[in-house]
Visitor: 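Below you will find the structure I want to go over with you.
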There are 4 protein chains.
Amino acid sequence: MEKNKVKKLKTAVLGCTGLVGQQFVRMLGDHPFFELTFLTASKNSAGKKYGESVHWCLEGDLPVVGGEIVISDTSVEAISESEVDVIFSALPSAVAEEIEFPLTEKGFIIFSNAGANRMRPDVPIVIPEVNPDHLELVQPLMKNGKGFIITNSNCSTSGLVLALRPLVGLGIRNVFVSTYQAISGAGRKGLSSIDIHENVIPFINGEEEKIECETRKIFGWLENGSIRDMSLDVFAGCCRVPVREGHLQNVMVDIEEDENVGNIAHIMHSFSSIPQALRLPTAPEKPLIVRSENNRPQPHLDRFAGTPDRARGMTVSVGRIRKKGKRLLFTLLVHNTIRGAAGTCILNAELAFSKNYLSAVHC
Amino acid sequence: MEKNKVKKLKTAVLGCTGLVGQQFVRMLGDHPFFELTFLTASKNSAGKKYGESVHWCLEGDLPVVGGEIVISDTSVEAISESEVDVIFSALPSAVAEEIEFPLTEKGFIIFSNAGANRMRPDVPIVIPEVNPDHLELVQPLMKNGKGFIITNSNCSTSGLVLALRPLVGLGIRNVFVSTYQAISGAGRKGLSSIDIHENVIPFINGEEEKIECETRKIFGWLENGSIRDMSLDVFAGCCRVPVREGHLQNVMVDIEEDENVGNIAHIMHSFSSIPQALRLPTAPEKPLIVRSENNRPQPHLDRFAGTPDRARGMTVSVGRIRKKGKRLLFTLLVHNTIRGAAGTCILNAELAFSKNYLSAVHC
Amino acid sequence: MEKNKVKKLKTAVLGCTGLVGQQFVRMLGDHPFFELTFLTASKNSAGKKYGESVHWCLEGDLPVVGGEIVISDTSVEAISESEVDVIFSALPSAVAEEIEFPLTEKGFIIFSNAGANRMRPDVPIVIPEVNPDHLELVQPLMKNGKGFIITNSNCSTSGLVLALRPLVGLGIRNVFVSTYQAISGAGRKGLSSIDIHENVIPFINGEEEKIECETRKIFGWLENGSIRDMSLDVFAGCCRVPVREGHLQNVMVDIEEDENVGNIAHIMHSFSSIPQALRLPTAPEKPLIVRSENNRPQPHLDRFAGTPDRARGMTVSVGRIRKKGKRLLFTLLVHNTIRGAAGTCILNAELAFSKNYLSAVHC
Amino acid sequence: MEKNKVKKLKTAVLGCTGLVGQQFVRMLGDHPFFELTFLTASKNSAGKKYGESVHWCLEGDLPVVGGEIVISDTSVEAISESEVDVIFSALPSAVAEEIEFPLTEKGFIIFSNAGANRMRPDVPIVIPEVNPDHLELVQPLMKNGKGFIITNSNCSTSGLVLALRPLVGLGIRNVFVSTYQAISGAGRKGLSSIDIHENVIPFINGEEEKIECETRKIFGWLENGSIRDMSLDVFAGCCRVPVREGHLQNVMVDIEEDENVGNIAHIMHSFSSIPQALRLPTAPEKPLIVRSENNRPQPHLDRFAGTPDRARGMTVSVGRIRKKGKRLLFTLLVHNTIRGAAGTCILNAELAFSKNYLSAVHC
């Protein structure tokens with residue numbers, strides 16, 4: 001990429017005070033394409049400096065850039081083209097539903113982590129290593145001079161489809177996944193300590209349906225300008241565990257082709273895709289790492305897998321690959337607020353940027 | 001006590017859905033003096049059966065009695081003399097401030113865990129083993145046919161004054177206490193898991209002031225119908241730790257009399273008081289246990305100290321007593337929602353009952 | 001049962017200082033059939049009083065009975081018929097392998113929680129509600145005047161087979177279970193805090209194999225005096241989570257008969273078996289409880305399910321029953337050191353006692 | 001410093017597999033003065049590559065350098081002058097007691113984190129920002145051509161003396177400290193999860209004595225070639241809490257001079273010392289940070305305070321400064337295995353290096 005030519009895009013983060021919002025602010029603090037200039041939050045925070053309003057929850061101090069930005073109210077009116085080239089949305093679903101589409105009608109391009117619009121036919125769910133071609137779904141909107149929304153998947157789905165992607169060619173059927181999800185997935189105030197402390201909660205509202213539907217859409221293909229879902233039975237059982245970051249998943253999947261464990265591990269470990277070829281800034285050198293130790297991956301040890309530094313938390317770790325007949329079992333770990341949220345959302349924007357989908361806005 | 005003569009009092013719990021409210025419901029499920037008949041909560045819960053509305057957080061199922069009671073709105077109007085003889089309040093402080101005194105003006109007797117009214121001159125803070133005589137403070141109100149409020153102390157204070165009570169005669173000065181407080185002290189929704197998970201928070205709003213003021217008031221004496229605080233320097237540093245129940249405290253106190261550690265341990269361990277003499281139902285056989293092991297008390301092992309069964313969690317455990325010159329150091333543990341809240345509140349009511357302070361209401 | 005005729009059996013617990021050993025001591029503290037008289041542990045503890053040697057880890061103080069017993073060395077020689085009628089073994093597997101069979105040759109009857117001998121053809125794995133008939137496997141040994149071993153299953157297996165038992169008649173195939181196992185399952189010193197703190201470990205040595213093999217054996221049937229395994233594909237993925245007690249499991253199983261979720265829930269909830277019919281002392285009123293809430297069972301709230309008091313922790317809780325085609329999914333919770341270990345072991349002994357398998361020893 | 005002239009010293013880490021050993025290996029992975037070339041551990045690990053033997057517990061993969069080194073047995077004989085210029089010791093105290101002095105007799109210079117030799121009169125305990133002059137204590141040994149030991153303090157002490165150092169000039173008396181110590185302080189296998197999970201343990205063997213004695217020695221002064229302790233009453237109450245890293249401490253200290261809180265905060269926050277002036281590689285820009293928020297420092301948010309990157313975890317955070325009369329209270333946080341162990345030990349070596357105490361070895 002010819003970085004030296006780039007004029008950075010003025011960048012907004014909607015919903016900047018939550019945990020995913022904080023990851024956006026952290027990851028956009030010194031980004032080669034995007035310059036953080038605009039932050040929105042609910043009315044309580046609007047008008048205050050970010051550094052004085054946010055209840056910062058990430059290890060290390062908040063970046064100086066960002067800390068000084070005065071927060072705006074999250075509303076269609078508050079966001080103007082003169083101040084914002086590209087938008088990242090970390091909004092709660094209900095707010096996203098109200099505000100994201102109206103913003104596209106004003107011409108804005110939104111990379112959204114919100115679940116609200118993921119299943120709409122004109123909105124792709126993109127994991128850049130998995131289905132970069134789905135970006136094309138927004139071309140009709142672009143041609144009409146409109147804005148558009150590109151979403152990343154639900155946090156658990158992102159880890160699952162990354163791990164399964166290199167296996168698709170072997171024929172995958174009947175996915176069963178049991179999740180061990182971290183508390184940060186519930187958001188800044190989503191979970192009372194008294195509920196999850198020293199406990200497991202075997203239910204996360206809407207999560208199982210998202211994993212099942214989003215996986216089928218992401219593995220789907222473009223047909224006459226719309227996405228046709230893959231036909232794949234996906235069963236998910238989702239539990240919250242008392243871990244801060246890192247969703248672990250026990251996966252069972254039927255593989256049609258007769259391939260041994262060693263080859264499957266090799267196929268997964270050596271997987272590489274478009275973001276790696278394009279050397280996108282937030283792309284990890286390796287989307288997947290297969291661990292050979294029998295007790296890995298573990299949230300504490302593996303959640304920040306990923307090099308270079310900017311891609312810390314972008315690599316999905318896989319381990320315990322084993323097979324019984326056609327049944328393949330393995331364990332994966334994905335950093336839920338980085339690869340599972342802000343990180344993939346930024347990687348989507350980098351992919352779109354590199355493909356000139358954002359050219360309209362910065363010329 | 002002549003239990004067989006007792007006609008049980010119709011009993012209300014205000015603020016029944018919170019953690020202290022739940023302890024009240026649990027402890028009043030089968031009480032010899034009090035019959036749980038009336039529950040109040042905020043408007044969200046009013047009109048629903050308790051069993052269907054409460055987010056039960058205590059180990060074991062909620063008691064059948066209680067589960068069937070339809071919750072009333074927390075308001076002065078909702079509580080009538082025909083339905084309620086005696087009131088326990090587990091209200092948040094702001095609500096207690098609005099509602100408790102107006103209820104006394106309607107003639108109600110309230111045993112309150114709320115902090116709102118503790119420091120008022122006509123309201124005693126009573127720990128039955130420590131200052132049972134402070135009950136007298138409400139006699140002028142009784143004589144005027146009015147209701148009154150009897151409070152128990154803040155959760156941390158209750159453990160501290162119980163442990164110090166047998167030492168008062170030796171001359172205590174300069175108390176410094178450093179607390180390790182459990183998450184249940186912050187209430188049902190008071191603490192987000194992301195904040196306290198794998199963390200210590202060195203600040204609890206208002207807690208240090210409460211420990212300092214309430215200790216002086218509880219150790220004060222009646223003088224012309226009002227309480228004169230003890231002159232005692234108390235310094236508290238309060239931290240939240242990721243433990244569910246049980247406030248541990250490191251205490252340093254100067255002792256004027258020259259007494260050795262063995263005698264001090266004996267004085268504490270053998271401490272007994274009015275509730276034990278009266279054999280009140282919720283009184284523990286021993287208010288204090290001194291552990292000889294060098295690594296006790298511990299929240300996990302000692303929080304439920306107390307016999308008989310009804311007094312589980314009512315005994316304060318003390319350990320690691322040591323002395324350097326006049327400086328006495330020890331560690332104590334108090335179950336914060338039982339001895340530190342609902343349990344002492346009920347014990348106060350039992351004491352008042354046994355002294356016929358409640359006779360007006362049940363004749 | 002004619003309890004009043006019973007002369008209690010002199011009872012030994014081998015391996016009394018570990019977590020399962022402590023549960024045995026707790027549960028045998030006041031048992032109607034068994035009188036705790038003999039305790040063994042490794043040489044480090046031998047010769048000391050139990051109360052002074054054990055690092056007690058259960059909430060509440062250790063029972064007075066037990067605390068005063070002087071620990072013997074765990075060896076074949078140390079255990080004599082004059083002092084011991086019946087043996088419970090909480091030995092580590094390696095020690096159990098050396099000592100349990102030699103003890104049977106001396107005529108002792110052993111109820112063992114150890115994994116060492118479970119898969120031997122002359123040793124049944126019994127869960128009294130599931131396969132009480134497997135007790136018969138030891139009759140040839142009895143007839144020859146020898147002792148015998150009756151094992152309970154691995155902790156996770158016990159919950160799984162109890163939940164599946166009422167569904168066997170509907171035709172079960174292809175079980176996949178993903179576990180969330182508590183730290184107490186690793187024993188007193190089995191797990192360093194630095195490893196599991198704020199973490200999930202996706203591997204427990206030997207656990208998956210045990211679940212797979214033991215399930216098939218327990219669901220097998222007696223054929224010519226030996227057990228023929230059920231033909232059933234079982235896949236397990238076992239993880240350790242930072243919870244003290246209570247193994248949660250996400251289960252997927254194919255059901256051949258076309259039965260709806262409501263009926264399946266009813267079949268499970270109303271399940272009752274021999275121990276309930278015999279009113280064995282440690283038998284829970286209900287072996288299974290089906291919870292209707294969408295976020296249950298949870299370790300904190302449900303691990304001690306079970307009435308009467310003696311059966312606390314003996315009921316397995318089931319929730320989130322749902323079905324997609326023939327695939328049945330549900331979540332279960334089993335208290336791993338009670339129902340999953342000491343409790344079932346004692347229930348086995350009660351069953352054997354009630355069937356006069358122990359009559360030889362106490363006449 | 002003239003870095004480009006430096007020929008790196010061949011560096012050994014004794015006791016490389018423990019948690020402090022791992023921090024040494026991590027921090028020496030790319031050090032400007034020291035080249036990690038030699039690792040020792042117990043016989044179990046000797047002969048294996050570090051990367052294959054260590055149970056790595058730090059977030060992120062172990063450094064490539066180090067991973068390839070074959071571990072030697074920890075013995076005086078195994079360490080030769082041809083292979084090793086300078087030694088860092090992370091040995092358990094009992095092993096350190098046997099081996100460190102014999103190594104000095106062979107001429108080795110040892111920077112030791114072990115407690116064994118700290119209180120010897122010819123061994124200084126040095127915190128480079130606090131008492132760099134104590135290095136001189138070893139000059140007689142140097143002049144005689146012998147090796148010597150320089151220790152850093154106990155983990156808790158290091159945070160305490162750093163925070164108190166800028167206040168010494170105001171006259172400090174009567175220190176009382178109550179600690180909230182992380183589990184990593186107990187070492188790799190020092191603490192069973194069942195003991196500390198959801199618990200607080202109010203006892204850490206030897207810790208209180210270390211804090212009390214080491215503080216007096218560090219604040220002492222050189223007098224005729226030996227250290228004369230400061231006369232200072234120090235009282236410590238030490239508890240273990242379920243946090244991975246970061247020792248928090250509630251401190252109360254009497255200040256003789258009448259100085260207000262604002263000035264005290266300023267004095268602490270602006271504290272700087274020799275390592276900062278010398279720009280030693282592992283010296284943090286600021287040894288102390290005073291936080292103005294009322295709920296800081298917190299282990300999760302502040303344990304890695306310190307810039308530049310190499311000094312992450314070397315800054316002690318202070319907060320909640322308040323005063324009542326002469327009593328000063330505050331809370332501090334120190335990263336126990338970095339500033340409290342390996343980091344200060346390396347900083348000591350950098351200081352000695354910059355003062356040419358190590359010149360003998362590398363010419």
Side-chain angles (χ1 to χ4, degrees), chain A residues 174 176-183 194-205 208 212 233-252 291 293-303 317-320 322-325 327-333, chain C residues 174 176-183 194-205 208 212 233-252 254 291 293-303 317 319-320 322-325 327-333:
Chain A
N174 297 326
F176 180 59
V177 57
S178 201
T179 70
Y180 301 67
Q181 298 189 221
I183 58 175
I194 208 76
D195 290 334
I196 190 60
H197 179 81
E198 222 277 297
N199 202 10
V200 176
I201 304 177
F203 179 70
I204 300 173
N205 197 15
E208 294 165 1
E212 295 166 14
D233 282 338
V234 181
F235 307 92
C238 293
C239 293
R240 189 79 66 195
V241 295
V243 163
R244 179 176 290 270
E245 292 167 326
H247 287 0
L248 190 137
Q249 304 176 28
N250 265 349
V251 181
M252 184 175 77
R291 311 275 334 181
E293 301 92 332
N294 70 2
N295 63 354
R296 299 283 283 269
Q298 296 178 16
H300 173 64
L301 293 172
D302 298 305
R303 53 191 161 198
S317 299
V318 171
R320 302 216 60 224
R322 54 208 194 278
K323 222 181 157 194
K324 303 202 178 183
R327 298 257 143 98
L328 181 73
L329 293 94
F330 61 85
T331 300
L332 71 86
L333 182 82
Chain C
N174 296 325
F176 179 60
V177 57
S178 200
T179 70
Y180 301 66
Q181 298 188 220
I183 57 175
I194 208 76
D195 290 333
I196 190 59
H197 179 80
E198 221 277 297
N199 203 10
V200 176
I201 303 177
F203 180 70
I204 300 172
N205 197 16
E208 295 165 1
E212 295 166 15
D233 282 338
V234 180
F235 307 92
C238 293
C239 294
R240 188 79 65 195
V241 295
V243 163
R244 178 177 292 269
E245 289 168 327
H247 287 0
L248 189 137
Q249 304 177 28
N250 265 348
V251 182
M252 185 175 77
D254 291 338
R291 310 274 335 180
E293 302 92 332
N294 69 3
N295 63 354
R296 299 282 283 271
Q298 296 177 16
H300 172 64
L301 294 172
D302 299 305
R303 53 192 161 198
S317 299
R320 302 215 60 223
R322 54 209 194 278
K323 221 180 157 196
K324 303 201 179 184
R327 298 257 143 98
L328 180 73
L329 294 93
F330 61 86
T331 300
L332 71 85
L333 182 82

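So you know, we letter chains A, B, ... as the sequences are listed, proteins then strands, and number each from 1.
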Visitor: Quick one: what part of Glu212(C) sits under 4.5 Å from any heavy atom of chain A, side chain, backbone, both or neither?
Guide: side chain
Visitor: Please answer whether the main-chain N or O of His300(A) pairs with a side-chain N or O of Asn199(C) as donor and acceptor at a distance below 3.5 Å.
Guide: yes
Visitor: Look at the side chain of Asn250(C) and the backbone N and O of Ser178(A), then say whether any donor-acceptor pair between them is shorter than 3.5 Å.
Guide: no
Visitor: Given a strict heavy-atom distance threshold of 4.5 Å, which part of Glu208(C) is in contact with chain A: side chain, backbone, both, or neither?
Guide: side chain
Visitor: Would you call Gln298(A) and Arg240(C) a side-chain contact if the rule is heavy atoms closer than 4.5 Å?
Guide: no
Visitor: Can you name the nearest heavy-atom pair linking Gly237(C) to Tyr180(A), along with the distance?
Guide: O-OH, 4.2 Å
Visitor: When rounded to the nearest 0.5 angstrom, what is the spacing between CG in Asn174(C) and CE in Met252(A)?
Guide: 7.5 Å
Visitor: Is the count of non-hydrogen atoms from other residues, nucleotides or ligands lying under 6.0 Å from Asn205(A) atom CG greater than 12?
Guide: no
Visitor: Which of these passes side chain to side chain contact (heavy atoms under 4.5 Å, CB included) with Val200(A): Leu248(C), Leu333(C), Thr331(C)?
Guide: Leu248(C)
Visitor: How long is the straight-line distance from CG of Asn294(A) back to CD1 of Ile201(C), given to the nearest 0.5 Å?
Guide: 11.0 Å
Visitor: How long is the gap from CG on Leu301(C) to CG on Asp195(A), to the nearest 0.5 Å?
Guide: 8.5 Å
Visitor: Do the ring planes of Phe176(C) and Phe176(A) sit parallel (below 30°), tilted (30 to 60°) or perpendicular (above 60°)?
Guide: perpendicular
Visitor: Less than 4.5 Å to any heavy atom of chain A: does that hold for the side chain of Arg320(C), its backbone, both, or neither?
Guide: side chain
